[in-house]
Novice: 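Take a look at this one; I'll ask things after.
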Amino acid sequence: MIKRIMGLEDIGQTLEQLWMSYNQIEKLDGLQPCIKLHTLFLSNNKITKWEEVAKLSQLTELKTVLFLGNPIYGEKEKDEMKASVVKRIPQIHNVDGVLVSEEDRKAAEELD
């Protein structure tokens, strides 16, 4: 099981997709070199803090994420969490397999 994201410096310039579901990842450090990353699947990991999700806003090409099964969602459904993800990753187009709508973007703006 993978606990940390690291060692992507050599492939970060060209990496477009990263599938790391079903691991023990808590922190989203180590993705900074991935400037072309557009898809990131991190379902069923150990992400507990929204600050970690917010780090992904630096990846300007990132359009699709998957966070289902992480403690950060608690007992809520994925539709309830979409606005929280959009608030922290404004450039996102698809969250947990569902396209982001204008309604989702407005809901994200209204969050604290």
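Just the heavy atoms: all of them, side chains too, but no hydrogens, waters or symmetry mates, feed the values below.
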Novice: Looking at N45 and I25, what are the two nearest heavy atoms and their distance?
Specialist: OD1-N, 3.0 Å

Novice: Any side-chain heavy-atom pair from Q58 and Q32 closer than 4.5 angstrom?
Specialist: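 Answer yes - side chains close enough.
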
Novice: Could you check if a side-chain atom of H38 sits within less than 4.5 angstrom of a side-chain atom of Q17, using non-hydrogen atoms only?
Specialist: yes

Novice: List the atom of F67, the atom of D96, and the distance in Å for their closest heavy-atom pair.
Specialist: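 Minimum heavy-atom contact is N-OD1, 2.6 Å.
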
Novice: Taking the side chain as C-beta and beyond, is there a heavy-atom pair between L68 and Y73 under 4.5 Å?
Specialist: yes

Novice: Between I35 and I11, is there shared hydrophobic-cluster membership here, with clusters defined by ILVMFWY side-chain heavy atoms closer than 4.5 Å?
Specialist: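 Shared cluster, no.
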
Novice: Please determine whether side-chain contact (heavy atoms from CB on, under 4.5 Å) holds for the pair L42 and L66, giving the CA-CA distance in whole Å, both sets of side-chain angles, and the decisive distance to 0.1 Å.
Specialist: CA-CA 6 Å; L42 287 168; L66 183 64; over 6 Å; no

Novice: Measure across R105 and P90 and return the closest heavy-atom pair with its distance rounded to 0.1 Å.
Specialist: NH1-O, 2.9 Å

Novice: Transitively linked via ILVMFWY side-chain contacts under 4.5 Å: W50 with V86?
Specialist: yes

Novice: Does a side-chain N-to-carboxylate-O contact under 4.0 Å join K55 and E52?
Specialist: yes

Novice: Test of understanding: clusters of I, L, V, M, F, W, Y form through side-chain heavy atoms closer than 4.5 Å, transitively. Do W19 and L62 belong to the same one?
Specialist: yes

Novice: Looking at A108 and A83, what are the two nearest heavy atoms and their distance?
Specialist: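 For A108 versus A83, the nearest heavy atoms are CB-O, 3.4 Å.
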
Novice: Atom CG of D29 and atom CZ of R4: how far apart are they, to the nearest 0.5 Å?
Specialist: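 Between atom CG of D29 and atom CZ of R4 there are 8.5 Å.
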
Novice: Hey, what do you get for OG1 (T39) to CG (L37), rounding to the nearest 0.5 Å?
Specialist: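 Result: 7.0 Å between the selected atoms.
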
Novice: Kindly compute the distance separating CE (M1) from CE (M20), expressed to the nearest 0.5 Å.
Specialist: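 Result: 11.5 Å between the selected atoms.
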
Novice: Please, which pairs that meet side chain to side chain donor-acceptor pair (under 3.5 Å) have at least one residue in residues 80-92, sequence neighbours excluded?
Specialist: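 For residues 80-92: K82-D104.
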
Novice: Following the transitive rule for hydrophobic clusters with a side-chain heavy-atom cut-off under 4.5 Å over Ile, Leu, Val, Met, Phe, Trp and Tyr, establish whether Y22 and I47 coincide in one cluster.
Specialist: no

Novice: Is there a side-chain contact between T48 and I72 (heavy atoms, below 4.5 Å)?
Specialist: no

Novice: Are L8 and I2 connected in a single hydrophobic cluster, I mean Ile/Leu/Val/Met/Phe/Trp/Tyr linked by side-chain heavy atoms less than 4.5 Å apart?
Specialist: yes

Novice: Could you check V98 against K78 for side-chain contact (heavy atoms from CB on, under 4.5 Å), going step by step and ending with a plain yes or no?
Specialist: CA-CA 9 Å; V98 181; K78 67 180 180 180; 3.9 Å; yes

Novice: Got a second to check how far K36's NZ is from T60's OG1, nearest 0.5 Å?
Specialist: 10.5 Å

Novice: Can you measure from CG (L18) to CD1 (I5) and round to the nearest 0.5 angstrom?
Specialist: 6.5 Å

Novice: Grab the two heavy atoms, one from C34 and one from L15, that are nearest each other, plus how far apart they are.
Specialist: SG-CD2, 4.0 Å

Novice: Side chains of L40 and L56: closer than 4.5 Å at any heavy-atom pair?
Specialist: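 Side chain of L40 against side chain of L56, heavy atoms only: contact under 4.5 Å found.
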
Novice: Apply side-chain contact (heavy atoms from CB on, under 4.5 Å) to V65 and N94, showing your working.
Specialist: CA-CA 6 Å; V65 293; N94 188 308; over 6 Å; no

